[in-house]
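First the structure, in the form of structure tokens, and then the observations on it.
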Number of protein chains: 2
Amino acid sequence: MSERRPRKDAVRNRAAVLAAADRLFARCESPETVTMADIAEAAGVGKGTLFRAFGDRTGLIQALYAERLEPVRNAVEEGPPPLGPAAPPLERVPALLDALLCFKLDNRHLALALEETGSDSPYQAAHYERWHSTLQAVLERIPGLTDSAFTAHALLAATRADLVEHLVGHQHLPREQLRAHLAAFTARILQPSTASD
Amino acid sequence: MSERRPRKDAVRNRAAVLAAADRLFARCESPETVTMADIAEAAGVGKGTLFRAFGDRTGLIQALYAERLEPVRNAVEEGPPPLGPAAPPLERVPALLDALLCFKLDNRHLALALEETGSDSPYQAAHYERWHSTLQAVLERIPGLTDSAFTAHALLAATRADLVEHLVGHQHLPREQLRAHLAAFTARILQPSTASD
DNA sequence: GTACGATGCGGACCGTGGGTCCGTTTCGTT
DNA sequence: AACGAAACGGACCCACGGTCCGCATCGTAC
């Protein structure tokens, strides 16, 4: 069984490609202006190498995204409160959303690239599924909140990369203000329902 | 000055193209599987005609979308309550969102095509700007609701075409249930804030 | 150190699809 | 009927994602 470990040059090239891709996506306005050939050239490798290592464009972007997301994922899954699992739901939900928002703010170019790359929708991406199920599970523990699945989708939708880009990139909404808005929005959702009687 | 009216054949062809495009988008799974050449052929015109009439792919889809949206837009801008301007804000907001959601449910293929077509983001599209400013204006009249601009964005994000497609198309969530979820979500946002003290 | 698979490399090559160009046709006006 | 303007159509162009395969490099066995 067991995988044989990859050759040294393969490892080096893989890293070079990821670094180059990150650099290029960060530099350019729209991710679609960065072609695979550009990335290969910037990394100093051939196109074939790049496709061999990542399969296709989506694979490359996902790999890059996953790498960057890892610390956050870690903090969410086994870190201390308020992000980690031990936090009480009413604190953890805003913390999760804020963490996700901050990540997207810090990696706008990547998040944009990922969301606009999929054949369709970010809803296929494994990352999304993960965030959604985590968030949904936490929401479920909040009394009075029904529809936790939809609520999770709707809250996550408020942090979508293209919206963030629109607000911060095009309309120059300051980062802190966006965070505050999202926090306020979340708080409204979480506040105990005064539903009918 | 004044524009000279277009030739008859141009009008006929334009209509034929719109009809063909609508048919094709409706039939196929993913809008990206429908090529411009396909549309031209289905409409019985040459590719040049198609591009002359609509400029580019985005233009064609926008034109189609606009045509379909028109009745809704009309109802919003000058129709009777609860959709029209005369409705009290607390009723009009859910009505607006429900109308938009229903439109996207009824025109999933189109909405998807539009959102995934833009060079980037639906936030450039004129239609979005319109919905946003309408919704924001209504939200503004609700006491205790700050951040009306962001709130409008966040609520609209909950109706995004790819999310709708994910829920209804892939997960087979029934239409009425999705409407109910969105209504409940909206109600939570609109409910008077018990904010601190 | 050398020999020799296996693994990886690279860039020429291919197919596809959006968009353009221009000789030809159709319109509508005089 | 005739003529200029407007529109047509499909051959053509090119950028880009993805493939292929002869060649280089790695690491292991001796």
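Below, read A as the first sequence line, B as the second, and so on, with proteins coming before strands; counting in each chain starts at 1. Side-chain atoms are counted along with the backbone in the values below, which use heavy atoms only and exclude waters and symmetry mates.
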From [atom1] of [X] over to [atom2] of [N], roughly how many Å is that when rounded to an integer?
X      : N       : atom1 : atom2 : answer
N13(A) : dG10(C) : CG    : C1'   : 10 Å
F51(A) : dC13(C) : CZ    : C1'   : 13 Å
R57(B) : dG17(C) : CZ    : P     : 10 Å
L60(B) : dG19(C) : CG    : P     : 10 Å
E32(A) : dG18(C) : CD    : P     : 14 Å
L50(B) : dT20(C) : CG    : C1'   : 13 Å

Could you check A10(A) against T33(B) and say which one's nearest nucleotide on DNA chain C is further toward the 5' end?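 Final value for this comparison: A10(A).
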Short N/O separations, protein against nucleotides 14-16 of chain C, under 3.5 angstrom:
none

Mind checking side chain to side chain donor-acceptor pair (under 3.5 Å) for D38(A) and listing every partner two or more places apart, or none if nothing turns up? T35(A)
Sorted by chain and residue number, the side chain to side chain donor-acceptor pair (under 3.5 Å) partners of R108(B) (sequence neighbours excluded) come out as E165(B)
5' to 3' contact window, DNA chain D with chain A (heavy-atom distance under 4.0 Å):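 The footprint of chain A covers dC16(D) to dG27(D).
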Could you tabulate the donor-acceptor pairs under 3.5 Å formed by side-chain atoms of residues 6-13 of chain B, not counting sequence neighbours?
residue, atom, partner, partner atom, Å
R7(B), NE, D9(B), OD1, 3.4
R7(B), NH2, D9(B), OD2, 2.9
N13(B), ND2, D9(B), O, 3.4

Which side chain to side chain donor-acceptor pair (under 3.5 Å) pairs, counting each pair once, include a residue from residues 14-24 of chain B, with sequence neighbours left out? D22(B)-R68(B), D22(B)-H109(B)
Would you mind listing every side chain to side chain donor-acceptor pair (under 3.5 Å) that reaches into residues 148-158 of chain A, with sequence neighbours excluded? Y128(A)-H153(A), H132(A)-H153(A), E140(A)-S148(A)
Identify, with sequence neighbours excluded, every residue that meets salt bridge (Lys or Arg N to Asp or Glu O under 4.0 Å) alongside R92(A). none
Just by protein heavy atoms under 4.0 Å, how would nucleotides 21-30 of chain C read 5' to 3' in B, S and -? -----BSS--
Show every salt bridge (Lys or Arg N to Asp or Glu O under 4.0 Å) that has at least one partner inside residues 170-181 of chain A, sequence neighbours left out.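 Counting only pairs at least two positions apart or across chains, the salt bridge (Lys or Arg N to Asp or Glu O under 4.0 Å) contacts touching residues 170-181 of chain A are D98(A)-R179(A), D106(A)-R175(A), E176(A)-R179(A).
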Check ring-ring contact (aromatic ring centres under 6.0 Å, His included) between Y65(A) and all other residues, then give those that pass, not counting sequence neighbours. F103(A), H127(A)
If the condition is ring-ring contact (aromatic ring centres under 6.0 Å, His included), which residues does H181(B) pass it with, not counting sequence neighbours?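 Testing H181(B) for ring-ring contact (aromatic ring centres under 6.0 Å, His included), a comparison that skips the adjacent residues, returns F150(A).
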Please check: side-chain N/O of K104(A) versus main-chain N/O of T159(A), any donor-acceptor pairing under 3.5 Å? yes
Ion pair present between E78(B) and R73(B), side-chain N to carboxylate O less than 4.0 angstrom? no
